[in-house]
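One-based numbering along the sequence shown.
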Amino acid sequence: MSKHVFKRAGFLAAAIGAAGLLSAGIASAHVSANVYGPQPEKGGYGSIFFRVPNEEKGAGTVKVEITVKPEYALGSVRTRPMPGWKAEVVKSKLPSPVTTASGTQITEAVTKVSWTAEPGTKIAAGSTEFQEFQISAGQFPATVDKLEFPATQTYENGKVVNWDQPTPDSGEEPEHPAPVVKLAEKSGDGHGGGHGTDAKASEESHASSSSSDNTARWLGGAGLVVGALGLGVGAGATLRARRATASAKSNTEGTE
C-alpha cells in the first residue's frame, strides 16, 4: 500500500473526528423552546424546555421570563424545580372566557412564567454555558399550529435582551426570534393528553438526547485518535519502504 493511501486515510479520519466534535458542540445562540419525545398535540398537554445560552462575555444571566399569550388560555403551567432559581407563574383574568378543546371554560390563564437566580447562582458569562428551564402545560389550544413564547433575558449588569420577533413562514430567522413550539394534530392515542405521562416521556427522551450528545462527542474524539493513528501508520510504512529500498540497493552494489 502506498504512502499516499495511508496519508489520505489518516486525513479523512481526522476530518471526520473534527466534524463530529464541532457538530456536537454547536448550541443555539438564542433562547429556544425544545420538546424531547412526542410532539405536543393540539388540545393536549406536554413538557417544554426553554434553553437559555449566555452571550454576554462579562456578565451572567440572572433572570429569564417567558410570556404566554392570553389567547392560548393555558389554565395550567407547572415548573420543574431548579436548584438556585426561584420560579414564578403568573395568572391573569382573560378579557373574555375561552372554551378549551375538552369543553372547559377558562376565565383566568397563565400569562407569564419567570425564573430568577438566587444569590450565587447565574448562567455564567461567555458562550460556553446554557441552562434549560422546564414547564409542563396545557390544555394547548386546538386551533393553532404552533405556540410562540416571547422571552426576556436579564443579565447581572442590567442588560435586557428581548427574544420576541416572530419567524416568518419563509423560515428566515430574525435577529431575536421568539421561542416556538409546533403542535401536532390530535391523534387520539393519548400523546400530549396528560401531565404525568408526557413529563416522564419528555424527561426520558431528554436523557436519551443528552446521551446521544455524549456519544457524538466520544465518536468525534475517537475519530481524531484514529486519524492520528492513520498518520502514524502511514509514516511508519513510508520509513520501512525507504529502508527496504536502501537495503536492496546496498546489497546490489555489494554484489557488483
Side-chain angles (χ1 to χ4, degrees), residues 15 17-36 47-69 77-90 110-137 146-168 170-181 202-203 206-207 209-221 223-224:
L21 288 176
L22 287 174
S23 62
I26 293 175
S28 176
H30 52 74
V31 177
S32 59
N34 302 289
V35 173
Y36 304 106
S47 289
I48 301 172
F49 296 78
F50 294 98
R51 177 173 292 190
V52 183
N54 199 97
E55 294 187 308
E56 283 289 294
K57 293 182 179 180
T61 297
V62 294
K63 185 175 182 179
V64 178
E65 185 176 81
I66 304 297
T67 297
V68 183
K69 297 183 178 182
V77 173
R78 300 177 183 178
T79 61
R80 183 176 184 177
M82 288 281 295
W85 295 84
K86 181 182 178 181
E88 182 181 12
V89 177
V90 177
V110 175
T111 52
K112 285 189 184 297
V113 183
S114 65
W115 292 267
T116 304
E118 297 176 350
T121 301
K122 62 183 176 182
I123 304 176
S127 58
T128 60
E129 291 192 12
F130 69 86
Q131 187 60 270
E132 283 191 325
F133 303 90
Q134 180 187 358
I135 66 170
S136 181
K146 62 183 180 180
L147 302 176
E148 190 176 82
F149 297 98
T152 300
Q153 182 175 11
T154 302
Y155 291 93
E156 60 185 332
N157 61 2
K159 181 177 179 179
V160 176
V161 178
N162 294 313
W163 303 95
D164 56 0
Q165 296 176 320
T167 299
S170 62
E172 185 177 351
E173 197 172 81
E175 184 177 359
H176 293 93
V180 172
V181 170
S202 296
E203 289 167 13
H206 186 203
S209 176
S210 297
S211 176
S212 297
D213 287 344
N214 292 333
T215 301
R217 287 186 173 87
W218 184 87
L219 289 175
L224 291 177

Gap between atom CZ of Arg51 and atom CZ of Phe133 - 0.5 Å precision: 12.5 Å
Parallel, tilted or perpendicular: rings of Phe49 and Tyr36 (30°, 60°): perpendicular
Contacts of Thr111 that satisfy side chain to side chain donor-acceptor pair (under 3.5 Å) - sequence neighbours left out: Ser92
Contact summary for Pro179 and Val31, nearest pair of heavy atoms: CG-O, 3.6 Å
Nearest atoms (heavy-atom pairs only) where Val181 meets Ala33: CG2-CB, 3.5 Å
Residue list, side chain to side chain contact (heavy atoms under 4.5 Å, CB included) with Thr121, at least two apart or on another chain: Trp85, Ala117
Pairs flagged by salt bridge (charged side-chain N to carboxylate O under 4.0 Å, His left out) wherever residues 52-64 is involved - sequence neighbours left out: Glu56-Lys159
Please set out all donor-acceptor pairs under 3.5 angstrom arising from side-chain atoms of residues 160-168, sequence neighbours excluded.
residue: Asn162; atom: OD1; partner: Thr152; partner atom: OG1; Å: 3.2
residue: Trp163; atom: NE1; partner: Gln153; partner atom: OE1; Å: 3.1
residue: Gln165; atom: OE1; partner: Glu175; partner atom: N; Å: 3.2
residue: Gln165; atom: OE1; partner: His176; partner atom: N; Å: 2.6

Partners meeting salt bridge (charged side-chain N to carboxylate O under 4.0 Å, His left out) with Lys69 (sequence neighbours left out): Glu148
Nearest-0.5 Å distance that lies between atom CD1 in Ile66 and atom OG1 in Thr79: 12.5 Å
Any residue meeting side chain to side chain contact (heavy atoms under 4.5 Å, CB included) with Thr67, in chain and number order, not counting sequence neighbours: Lys112, Pro150
Glu129/Asn54 under side chain to side chain contact (heavy atoms under 4.5 Å, CB included): CA gap, chis, key distance, verdict: CA-CA 6 Å; Glu129 291 192 12; Asn54 199 97; 5.7 Å; no
OG-CD distance between Ser114 and Glu88, expressed to the nearest 0.5 angstrom: 4.5 Å
Lys122: side chain to side chain contact (heavy atoms under 4.5 Å, CB included) partners, not counting sequence neighbours: Val62, Glu156
Approximate separation, where rounding is to 0.5 Å, of Glu132 CD and Asn34 CG: 6.0 Å
Geometric class of the Phe50/Phe149 ring pair [parallel <30°, tilted 30-60°, perpendicular >60°]: perpendicular
